[in-house]
Number of protein chains: 2
Amino acid sequence: MTEIKGAPTLDDVAKAAGVSTATVSRCLNSSGRVVAATRDRVMRAVSELGYTPNFGARVMAAKRTYTIGAIIPTMENAIFARGLQAFQEELHTKGYTLLVASSAYRPEIEEEQIRALVSRGADGLLLIGHDRAASIYDYLERQNVPALVSWSYQSDARVPSVGFSNSDAMQELAEEVIRAGHRNVAMISGICEGNDRAKMRVQGLKKALKQYDINPDDVPIIETPYEIDGGAAAFASLMELTPRPTTVLCGNDVLAVGALRKAHDLGLDIPGDVSITGFDDIELAQIVNPPLTTVHVPHREMGCKAACELVNLVEKTSDGKSIKLQTFVSKRNSLARNQN
Amino acid sequence: MTEIKGAPTLDDVAKAAGVSTATVSRCLNSSGRVVAATRDRVMRAVSELGYTPNFGARVMAAKRTYTIGAIIPTMENAIFARGLQAFQEELHTKGYTLLVASSAYRPEIEEEQIRALVSRGADGLLLIGHDRAASIYDYLERQNVPALVSWSYQSDARVPSVGFSNSDAMQELAEEVIRAGHRNVAMISGICEGNDRAKMRVQGLKKALKQYDINPDDVPIIETPYEIDGGAAAFASLMELTPRPTTVLCGNDVLAVGALRKAHDLGLDIPGDVSITGFDDIELAQIVNPPLTTVHVPHREMGCKAACELVNLVEKTSDGKSIKLQTFVSKRNSLARNQN
């Protein structure tokens, strides 16, 4: 091997491995697009030369990094886990690596994370829901980093989405509840500010109420963070109302699990005394007793299709198609006919 | 504003905002270290100029990116969620942004993700457990990217760790089980290959068995992925053994939840007919019925201390101190005295 002065460059690695600089870049960013033997040769050259790809030359040489960023509101309770796993698996087959940031539902942290992912060279971003400052979409446009929204579907938004109608989904469930004889219902919602999914779920309930001539103003709605303890506390408050609601619709399964736990603490039989419903159909919904009647969201299909569309945007083989997925009510045992 | 030819540079932004290029870099990477008014001025300049920080000049100018990478084996079932949340919160107060990758317990994917995070300029990496090829540690050393291991403690390893002894923790729980009169026990373990935490938990059980003169070779151990369905299937197999185990120790809470579900399906009373124990004390452990006797892992403390130590490594204020945290047995209702 010839002696090299100073820090090795991308060219040095390419020469040592007998490949083009583009191939070296591909090797450093994703293994999927280079045959194994070539990749091994390049990686050996990288090792022997002690090449440091994160400063300068490489970034200039390879305009694409084969890295996709996703920013989700939370990693707790696995709300986004199954969809994200499918998203990652599909990206992997296409040669992209996924980096995830979690914003704790805080818009200022999400903005920091978007800037960090763009600064770190992400080719494209997956974002959850449409609700964010217009300046962020301006920034992404200027940076030329395509974004795709998921977990929400909105055909007229600034960026395309692969998701479902949170409003329609909750309306369908609420109508099911009302048809089971419950007119005295209540809702435990997530925090609506900055969260279009939460807002739309409340809107869906209100549409169902109007459909059946129930005044939405008569229906108590408590907003609380998507946490088990929040669901439990809200359920306790609702149980003190007169008349007591016969069904509590929860904004997601995590809140419903909290409601269920509190019901057990209060000695209430679910669904004998009160019915409880969830939303999302995460694994938790089937573990609790009784298992939750909830809205089934097609997590894996959503993650998979979102990956395809985002890669299409990055590779400019599509200018962004929005896809609306179907949800359905998954009937288990936490909702019963109203016997009162 | 003066007209600028070609793509704007870091210098252009600094001049337009009236700050140093270092300040611009800090603004683009983390907001915590710059006063709000300065940051606003810089961001306005970035917006007006349409500065694209991901190509070239910026990466050369700022040696530190204030980005930390973490690679966890899975985002499902929230095994790592609480610890990671604390890790991120602590990093945030120190002005660092966290990017997470999840390897699906596959070493080849973890290696890709390590390379991707280093290529994207991560200042330091959090890794789970010590088990990985020496070549990866060589690579990180050459790249000058410090790494810290968590969820495992090993004082003589190549990189420092902030974790706990998985062996001691399981030994303590197993001794508790044996002292409750159970000598005919079985274990459902995670896959040990490439997972030092899983290996050490099995080792801890074996130490406890020897302590009480039980031959470890007589104790059935089934390895299965950390999934609810895996725990359920393994539990079903164990229940067909003669004599039937009176306690099934599970490698984590997720497996224990699967075992519990299968027990219900089989009409077995827990803990009346069989006792089941978990490991980790994630939220799931308290939701199920009966709540799980499990090993309590100090998730938040671990995440918080890992963040401090990793930032110390990155900022070279420490050359890496390993910290051993304490676990304890959290006694709930899934373990009872053996009545046989």
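All chains are named by letter (A, B, ...) in the order of the sequence lines, taking the proteins before the strands, and each is independently numbered beginning at 1.
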- Query: Under 30°, 30 to 60°, or over 60°: which ring-plane class applies to B:H299 and B:W151, parallel, tilted or perpendicular?
  - Reply: tilted
- Return the orientation label for the A:Y105 and A:Y226 ring planes: parallel under 30°, perpendicular over 60°, tilted otherwise. tilted
- Message: Looking only at the side chains, is there a donor atom on one of B:T294 and B:D281 sitting less than 3.5 Å from an acceptor on the other?
- Response: no
- Contact part of B:E76 toward chain A, heavy-atom cut-off under 4.5 Å: side chain, backbone, both or neither? both
- Item | Pairs flagged by salt bridge (Lys or Arg N to Asp or Glu O under 4.0 Å) wherever residues 95-106 of chain B is involved - sequence neighbours left out | B:R106-B:E108
- Query: Under the side-chain contact (heavy atoms from CB on, under 4.5 Å) test, which residues partner A:Q286, sequence neighbours left out?
  - Reply: A:R332
- What part of B:I109 lies closer than 4.5 angstrom to a heavy atom of chain A: side chain, backbone, both or neither? side chain
- Residue from B:S102, B:A104, B:G258 scoring the most non-hydrogen pairs under 4.5 Å with chain A is B:S102
- Residue part contacting chain A, namely of B:I71, when any heavy atom lies under 4.5 Å: neither
- Query: Where on A:I282 is there a heavy atom nearer than 4.5 Å to chain B: the side chain, the backbone, both, or neither?
  - Reply: neither
- Task: Nearest 0.5 Å please: distance from the CD1 atom of B:I276 over to the CG atom of B:L260.
- Result: 5.0 Å
- Select, from A:Q88, A:Q85, A:E89, the one with the greatest count of heavy-atom pairs under 4.5 Å involving chain B. A:Q88
- Message: For B:L99, which atoms come within 4.5 Å of any heavy atom of chain A: side chain, backbone, both, or neither?
- Response: both
- Pair count under 4.5 Å, heavy atoms only, with chain A: among B:V257, B:L98, B:L84, B:I228, highest is B:I228
